Amino acid sequence: MPELPEVETVKRGLNRLAQGICVKDVTVTWPAIVQISDELTDFRQAMRGQTLQDVERRGKFLIFNWSDVIWVSHLRMEGKYLLPEHKEVVDKYTHVILELEDGRDLRYRDVRKFGRIKCYPKQQKEAAINALHLGPEPQEVTGEELFNAFQRTKRAIKPCLLDQHIIAGIGNIYADEILWESQIHPETLAANLSEAQCVQLAAAMATIIKRAIEKGGTTVRTYTNALGENGHYQDELKVYGREGLPCARCHNTIEKIKVAQRGTHFCPYCQRIGE
DNA sequence: CTCAGAACCTGGAGGC
DNA sequence: TGCCTCCAGGTTCTGA
């Protein structure tokens with residue numbers, strides 16, 4: 001679930017369903033998921049009595065604004081927030097449970113246990129977000145900013161799109177989709193892209209990310225989305241998961257290769273190195 | 001400093 | 001059915 005459009009969808013769901021929830025008690029069953037900043041002594045103690053004001057997003061991070069603390073939360077591969085309507089049995093993949101004053105629970109569920117929730121005092125908010133060293137959002141970055149950032153690296157364009165210090169929020173699915181839209185081969189050296197190609201890339205990022213947010217993100221495989229919301233952008237994917245199928249633009253066959261250890265889908269005819 | 005590769009975890013899919 | 005290998009929407013650590 002977790003690239004920018006999916007995280008944005010989770011954020012909107014939490015703001016719709018969880019604003020004003022008040023925490024009575026906390027249970028953590030996999031301690032590595034929860035971290036606290038040096039100023040705090042105990043997560044459970046810090047969270048008791050906290051009311052959720054709202055949730056923001058920066059890149060793929062969720063920022064929870066509680067009354068006295070903030071959370072910087074990353075879902076990584078499979079993290080989900082759930083707010084079950086009825087008291088459901090807690091399964092073995094649920095690692096954090098906030099027992100609420102209204103009788104419900106806010107649960108964090110994560111099969112692979114990769115996700116993280118870091119808790120800070122509220123006054124540390126700006127410093128905590130700055131310490132993430134995130135690049136600009138893909139809907140806001142300019143071609144010129146991309147061009148300048150790419151001059152400083154010897155890497156291929158694909159790993160640059162995944163580097164959160166350069167642009168914050170793009171993951172493996174949208175990187176492939178953006179490169180297809182821009183007709184750029186994923187192994188092209190980023191430093192070799194022209195300024196015009198960087199402008200094209202910035203435009204493709206804005207269009208694709210905006211559209212994916214409108215569609216509620218992308219749901220692939222059998223993951224069920226948090227808060228009952230499934231994405232629909234999977235119906236509009238042009239290359240991701242489409243190896244062996246015809247390219248929507250030129251009808252040649254989509255290929256899958258490895259670039260910087262990540263599965264990478266592209267059209268070898270309309271995405272060529274040096275074009 | 002930069003970059004490639006491993007590590008962190010678990011489950012599903014496919015080969016034998 | 002069982003066992004093995006590989007793969008997965010991400011980040012962070014290690015070491016060259």
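Sequence lines set the chain letters: A, B, ... in the order given, protein chains first and strands last, and positions in each chain run from 1. No hydrogens, no waters, no symmetry mates; every other heavy atom, side chains included, goes into these values. Since this is a predicted model, take the numbers as computed values, not measurements.
Heavy atoms of A:Y93 sit under 4.0 angstrom from primed sugar atoms or phosphate atoms, though from no base atom. Residue A:R116 is classed as having no contact, given no heavy-atom separation below 4.0 Å to the nucleic acid. Note on A:Q164: only backbone sugar-phosphate atoms sit closer than 4.0 angstrom, heavy atoms only; bases stay farther off.
For the pair A:K60 and C:dG10, the criterion of a side-chain N or O lying under 4.0 Å from OP1 or OP2 is met. At B:dT2, none of the side-chain N or O atoms of A:R152 fall inside 4.0 Å of OP1 or OP2 (strictly under the cut-off). Using a 4.0 Å cut-off, no side-chain N or O of A:K154 falls inside it from OP1 or OP2 of B:dC3. Contact check, A:T219 against C:dG9: no side-chain N or O comes under 4.0 Å of OP1 or OP2. The side chain of A:K80 contributes no N or O atom lying less than 4.0 Å from OP1 or OP2 of C:dG9. Regarding contacts with the backbone of C:dT11, a side-chain N or O of A:H74 is found under 4.0 angstrom from either OP1 or OP2. Residue A:R155 has a polar side-chain atom (N or O) positioned under 4.0 Å from OP1 or OP2 of B:dC3.
A:N65 and A:K122 form no side-chain donor-acceptor contact under 3.5 Å, judged by distance and modelled atom types alone. Neither side chain, A:T142 nor A:E144, offers a donor N or O lying under 3.5 Å from an acceptor on the other. Between the side chains of A:T9 and A:E6, not a single donor N or O lies within less than 3.5 Å of an accepting N or O.
The CG-C1' distance, from A:N230 to C:dG9, rounds to 14 Å in whole Å. Between A:L162 atom CG and C:dT11 atom P the separation is 8 Å, expressed in whole Å. The CD-P distance, from A:Q261 to C:dG10, rounds to 14 Å in whole Å. Summarising the geometry, the separation between NZ on A:K256 and P on C:dG9 is reported as 7 Å, rounded to the nearest angstrom. Atoms CZ (A:R262) and C1' (B:dG5) sit 14 Å apart, rounded to a whole Å.
The side chain of A:K258 lies closest to C:dA8 when the candidates are C:dA8, C:dG9, B:dC3. For A:M77, the side-chain atoms get nearest to C:dA8 when compared with the rest of B:dT10, B:dC8, C:dA8. Comparing B:dC9, B:dG11, C:dT11 against the side chain of A:K92 picks out B:dG11 as the nearest. Taking the side chain of A:Y240 as heavy atoms from C-beta on, and the options C:dT12, C:dG9, B:dT10, the nearest nucleotide is C:dG9.
Applying the salt bridge (charged side-chain N to carboxylate O under 4.0 Å, His left out) criterion to A:D105, with sequence neighbours excluded, gives A:K87, A:R107.
Under 4.0 Å is where a charged nitrogen must lie from a carboxylate oxygen, and between A:E137 and A:R58 at least one such pair does.
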Item to complete: Toss me the dot-bracket line for DNA chain C: Watson-Crick and G-U wobble, both under 3.5 Å, 5' to 3', using | for pairs to another strand and [ ] for crossers.
Response: .|||||||.|||||||

Worksheet item: Going through the distances and angles, do A:F64 and A:Y81 end up as a ring-ring contact (aromatic ring centres under 6.0 Å, His included)?
Response: CA-CA 12 Å; A:F64 286 67; A:Y81 284 98; 5.0 Å; yes

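Within the structure, the ring pair (Phe, Tyr, Trp, His ring centres under 6.0 Å) test picks out no pair touching residues 109-135 of chain A (sequence neighbours left out).
Between A:H95 and A:Y108, the distance separating the two ring centers is not shorter than 6.0 angstrom.
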